Amino acid sequence: MDEENELIALRRKKLDALRSKGVEPFGAGFEPSGSIAEVREKFKERETLRAAGRITAHRDMGKSHFLDLRDATGRIQIYIHAKEVGAELVDLFRLLDIGDLVGIEGTCFLTKSGEPTIKVRTLRMLAKALRPLPEKWHGLQAIEVRYRQRYLDLLTNERSRFVFEKRIAIVRETRRFFEERGFLEVETPILQTIAGGAAAEPFYTHHKALGLDLYLRIAPELYLKRLLVGGFNKVFEISRNFRNEGISRKHNPEFTMLEAYWAYADFEKMANLVEELITHLAQVVCGSLQIEHGDGDGKITCTINLKRPWRRARYYDLVREAAGKDWFKLSSKQRRERAIREFKLEILPQLADFEVTQHVFEKLVEEATVDPLFVTHCPKELVPLAKQNAEDNSLVDVFELIINGTEIAPGYSELNDPLLQRQRLLEQAGEETQKIDEEFLLALEYGMPPAGGFGIGIDRLTMLLTGAESIRDVILFPLLRPKK
RNA sequence: GCACCGUUAGCUCAAUUGGCAGAGCAAGUGACUCUUAAUCACUGGGUUGCAGGUUCGAUUCCUGCACGGUGCACCA
């Protein structure tokens with residue numbers, strides 16, 4: 001079908017014409033004087049420079065032609081004059097299209113309007129584009145195509161490229177942050193026989209030679225803790241996790257997680273570390289602690305203030321603030337009535353009391369939070385892998401960091417009692433005792449130092465720092481159904 | 001999985017109540033020796049996502065399907 005398209009047919013004809021002239025349309029081995037930004041820096045009138053890039057515009061003046069040559073670093077204008085170059089180059093030039101990749105060599109000069117321009121002396125075809133690029137002014141708008149053919153999005157939408165450059169900077173700076181503090185970056189298995197460390201539906205796969213069913217990890221946690229047992233006292237991993245769940249604005253089936261563990265630290269120390277990390281990233285990546293989020297038209301809808309210190313508050317206090325001072329004095333029935341009538345929540349009758357409270361918390365506290373908030377001392381039912389609070393056994397020593405209505409990072413004082421850990425995992429597994437990671441429990445029995453740990457979803461953090469409203473805008477190739 | 005919305009030229013978008021499917025960019029031809037969203041003239045380009053239905057007539061109304069978006073559900 002596409003082969004019938006006249007635009008493609010024409011370009012194929014030009015491709016054939018190039019070959020019949022003995023010009024290879026997909027060249028190799030061109031050495032430019034640098035990236036186009038570097039070429040602009042080296043630009044000096046009458047100097048000879050070489051540049052490589054994609055032709056993105058062609059302004060035809062008859063005998064004079066101006067073209068824009070672009071790469072990710074910038075744009076430079078090149079110039080060809082029909083009477084000042086040989087017939088061979090003119091012929092070659094006629095077969096160029098917008099979108100082609102070329103390498104040129106020529107002399108620097110300034111046009112009368114002062115534009116740095118290279119007058120082409122030789123031109124090498126590097127790659128003929130057989131399909132036209134999206135329109136130059138509006139760029140590529142179709143959301144689906146931007147995800148499916150991300151290269152077109154990156155090529156035509158500067159904003160999109162900035163988002164991914166920021167994401168790259170976030171990962172790079174995160175590594176530097178941890179290395180400066182003596183943390184070791186480690187790699188742990190993605191293929192696991194038991195998908196532990198979180199409660200999520202895993203993907204499964206199979207190893208042929210071993211005849212072994214395997215899962216893709218849902219979290220690296222249980223392996224990082226084995227390393228704490230092994231004496232690596234400060235470790236972190238930036239890793240892809242896989243969860244076989246629904247896709248949404250905030251969920252992609254594969255996503256990138258940062259997890260860090262620090263022996264002898266506790267959840268409060270980890271909260272400090274998270275605060276330092278995120279403010280550092282905001283400073284380096286955004287140059288500011290005021291993060292603006294806007295709607296599609298660029299109107300600013302909210303400003304997140306990351307200035308330290310961040311508020312820390314206990315779970316029960318926050319619930320009382322939002323749901324009423326008397327909330328925990330109410331009967332189970334009264335709470336349900338209030339949740340349904342006043343807070344307009346859907347509360348199914350089979351929910352436990354703590355789940356009713358959690359629903360209220362999510363709606364009234366979480367969704368309303370803009371600036372960073374550490375929620376601490378959660379009820380233990382919500383977080384079974386954390387240490388119990390020394391003064392109140394119904395609470396655990398954890399924080400949940402909330403920014404802009406989203407859970408950004410949970411952190412714990414990690415449970416290191418192997419017997420209690422076994423009990424919690426058993427409670428969680430219920431009937432499915434095969435899901436208990438015995439190797440992990442074995443490791444704990446050798447003694448794991450008390451430690452603080454936390455996890456941050458890199459994707460959601462990138463959303464926060466770039467103002468992206470969808471996780472697909474911060475993942476280069478988000479999962480989509482194949483197009484038939 | 002459920003609900004709502006969307007899908008028109010290579011790209012960005014129009015199309016009145018159901019009445020000849022259009023524009024800009026891109027493309028082709030021509031003009032122009034400094035343009036830069038170049039300009040000017042002319043030309044080509046469409047199975048309106050796919051399959052049905054209603055109708056004299058469907059981009060428009062109805063049904064089903066595909067893909068996407070948003071919300072819900074799922075998501076220690």
Side-chain angles (χ1 to χ4, degrees), chain A residues 1-2 4-11 13-14 56-69 75-84 94 97-99 109-117 119 129-149 152-153 155-157 196-202 218-219 221 241 243-253 255 296 346 348 354-355 358 362 378-386 396 398 400 407 410 412 415 424-425 427-429 435 455 457 469-470 472-473 478 480-484:
Chain A
M1 189 165 73
D2 277 336
E4 291 165 20
N5 184 293
E6 59 156 337
L7 299 174
I8 293 167
L10 252 156
R11 284 168 183 249
K13 269 188 196 162
K14 289 182 183 175
T56 58
H58 177 197
R59 293 174 291 279
D60 178 354
M61 302 291 299
K63 292 193 176 59
S64 297
H65 296 257
F66 294 88
L67 297 92
D68 288 343
L69 198 62
R75 176 199 75 96
I76 190 146
Q77 178 167 269
I78 62 175
Y79 171 79
I80 293 178
H81 190 284
K83 283 196 169 162
E84 295 175 17
R94 279 183 208 286
D97 283 300
I98 288 173
F109 75 103
L110 292 172
T111 64
K112 74 176 181 193
S113 58
E115 171 93 16
T117 303
K119 186 187 281 188
L130 296 179
R131 289 171 187 270
L133 251 36
E135 195 228 18
K136 61 181 168 184
W137 193 241
H138 300 91
L140 181 64
Q141 297 297 317
I143 293 169
E144 187 179 346
V145 183
R146 289 182 47 213
Y147 298 153
R148 284 192 199 280
Q149 296 178 276
L152 295 178
D153 183 37
L155 230 37
T156 53
N157 297 322
E201 186 69 23
I218 54 176
E221 175 160 347
N241 290 350
R243 297 189 182 176
N244 208 338
E245 289 154 3
I247 296 176
S248 80
R249 217 163 51 81
K250 290 179 180 175
H251 300 82
N252 194 62
F255 61 100
E346 254 185 77
L348 299 171
F354 79 88
E355 290 174 306
Q358 176 62 7
E362 282 171 8
C378 296
K380 69 175 178 190
E381 293 88 344
L382 293 173
V383 200
L385 290 191
V396 282
V398 301
E400 177 65 62
E407 294 171 23
Y412 307 166
L415 182 56
R424 296 264 191 91
L425 288 178
E427 281 163 13
Q428 182 198 337
K435 283 189 177 172
E469 296 304 316
S470 168
R472 296 180 199 88
D473 293 327
L480 299 181
R481 274 197 159 89
K483 214 172 146 190
K484 283 175 187 162

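Every chain is numbered from 1 and lettered A, B, ... according to where its sequence line falls, protein lines coming before strand lines. The structure displayed is predicted, hence computed values, not measured ones.
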Determine whether a donor-acceptor pair (N or O, by modelled atom type, separation under 3.5 Å) exists between the side chain of [X] and the backbone of [Y].
{"X": "A/N157", "Y": "A/L140", "value": "yes"}
{"X": "A/S113", "Y": "A/T111", "value": "no"}
{"X": "A/R59", "Y": "A/D68", "value": "no"}

Which whole number of Å gives the distance between the [atom1] atom of [N] and that of [M]?
{"N": "B/G10", "M": "B/C4", "atom1": "P", "answer": "32 Å"}
{"N": "B/C67", "M": "B/A41", "atom1": "P", "answer": "45 Å"}
{"N": "B/C25", "M": "B/U39", "atom1": "P", "answer": "7 Å"}
{"N": "B/U16", "M": "B/C75", "atom1": "P", "answer": "46 Å"}
{"N": "B/U60", "M": "B/C20", "atom1": "P", "answer": "14 Å"}
{"N": "B/A27", "M": "B/A23", "atom1": "C1'", "answer": "16 Å"}
{"N": "B/U8", "M": "B/G49", "atom1": "P", "answer": "6 Å"}
{"N": "B/G18", "M": "B/G45", "atom1": "P", "answer": "30 Å"}

What is the distance, to the nearest angstrom, from the [atom1] atom on [X] to the [atom2] atom on [N]?
{"X": "A/I143", "N": "B/C5", "atom1": "CD1", "atom2": "P", "result": "17 Å"}
{"X": "A/F109", "N": "B/U36", "atom1": "CZ", "atom2": "C1'", "result": "12 Å"}
{"X": "A/E346", "N": "B/A3", "atom1": "CD", "atom2": "P", "result": "15 Å"}
{"X": "A/L67", "N": "B/A38", "atom1": "CG", "atom2": "P", "result": "11 Å"}
{"X": "A/E6", "N": "B/C11", "atom1": "CD", "atom2": "P", "result": "13 Å"}
{"X": "A/E135", "N": "B/C25", "atom1": "CD", "atom2": "P", "result": "9 Å"}
{"X": "A/L480", "N": "B/G69", "atom1": "CG", "atom2": "P", "result": "6 Å"}
{"X": "A/I98", "N": "B/C11", "atom1": "CD1", "atom2": "P", "result": "16 Å"}

Ignoring hydrogens and angles, does a donor from either the side chain of [X] or the base of [N] sit under 3.5 Å from an acceptor on the other?
{"X": "A/H251", "N": "B/C75", "value": "yes"}
{"X": "A/T111", "N": "B/U35", "value": "yes"}
{"X": "A/E144", "N": "B/U7", "value": "no"}
{"X": "A/E115", "N": "B/U36", "value": "yes"}

Sugar-phosphate only, base, or nothing, as touched by [X] at under 4.0 Å among non-hydrogen atoms:
{"X": "A/A200", "value": "nothing"}
{"X": "A/K14", "value": "sugar-phosphate"}
{"X": "A/Q141", "value": "sugar-phosphate"}
{"X": "A/F354", "value": "nothing"}
{"X": "A/P410", "value": "nothing"}
{"X": "A/D68", "value": "nothing"}
{"X": "A/R148", "value": "sugar-phosphate"}
{"X": "A/G197", "value": "base"}
{"X": "A/A82", "value": "nothing"}

[N] phosphate, OP1 or OP2: any side-chain N/O from [X] under 4.0 angstrom?
{"X": "A/K136", "N": "B/A26", "value": "yes"}
{"X": "A/R481", "N": "B/C67", "value": "yes"}
{"X": "A/K112", "N": "B/C34", "value": "no"}

When you get a sec, tell me which of [options] is the closest nucleotide to the side chain of [X]?
{"X": "A/A142", "options": "B/U12, B/G10, B/A38", "value": "B/U12"}
{"X": "A/Y147", "options": "B/G69, B/U12, B/C34", "value": "B/G69"}
{"X": "A/H81", "options": "B/C11, B/U36, B/U33", "value": "B/U33"}
{"X": "A/R249", "options": "B/U70, B/U35, B/U12", "value": "B/U70"}
{"X": "A/R472", "options": "B/G69, B/U12, B/U35", "value": "B/G69"}
{"X": "A/R59", "options": "B/A38, B/A37, B/A27", "value": "B/A38"}

Quiz item: Do other residues, nucleotides or ligands put more than 12 heavy atoms under 6.0 Å from the NZ atom of A/K435?
Solution: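 At most 12 heavy atoms, drawn from other residues, nucleotides or ligands, come within 6.0 Å of this atom.
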
Quiz item: Do other residues, nucleotides or ligands put more than 12 heavy atoms under 6.0 Å from A/E346 CD?
Solution: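 No, the 6.0 Å shell around CD holds no more than 12 heavy atoms from other groups.
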
Any strand is fair game: report the nucleotide pairing with [N] by Watson-Crick or G-U wobble, both distances under 3.5 Å, or none.
{"N": "B/U47", "result": "none"}
{"N": "B/G1", "result": "B/C72"}
{"N": "B/C11", "result": "B/G24"}
{"N": "B/G6", "result": "B/C67"}
{"N": "B/U33", "result": "none"}
{"N": "B/C61", "result": "B/G53"}
{"N": "B/U16", "result": "none"}

Quiz item: In a check of side chain to side chain contact (heavy atoms under 4.5 Å, CB included) between A/L67 and each of A/D60, A/I76, A/T117, A/I78, which one passes?
Solution: A/I78

Practice problem: Hey, can you tell me if A/Y79 and A/F66 have their rings parallel, tilted or perpendicular (30° and 60° cut-offs)? | Solution: tilted

Quiz item: Does the side chain of A/Q141 come under 3.5 Å of the side chain of A/H138 through a donor N or O and an acceptor N or O?
Solution: no

Practice problem: Indicate yes or no: does A/K250 engage A/E407 in a salt bridge with an N to O separation below 4.0 Å. | Solution: no

Practice problem: Begin from the C-alpha positions of A/F354 and A/L382 and carry the test side-chain contact (heavy atoms from CB on, under 4.5 Å) through to its verdict. | Solution: CA-CA 8 Å; A/F354 79 88; A/L382 293 173; 3.9 Å; yes

Quiz prompt | Given RNA chain B, 5'-ward residue of the pair A/L10 and A/S470, judged by closest heavy atom | solution =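 Looking at RNA chain B, the more 5' nearest nucleotide goes with A/L10.
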
Self-check item: Comparing A/L133 and A/V383 on RNA chain B - which has the more 5′ nearest nucleotide
Solution: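 It is A/L133 whose nearest nucleotide is closer to the 5' end.
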
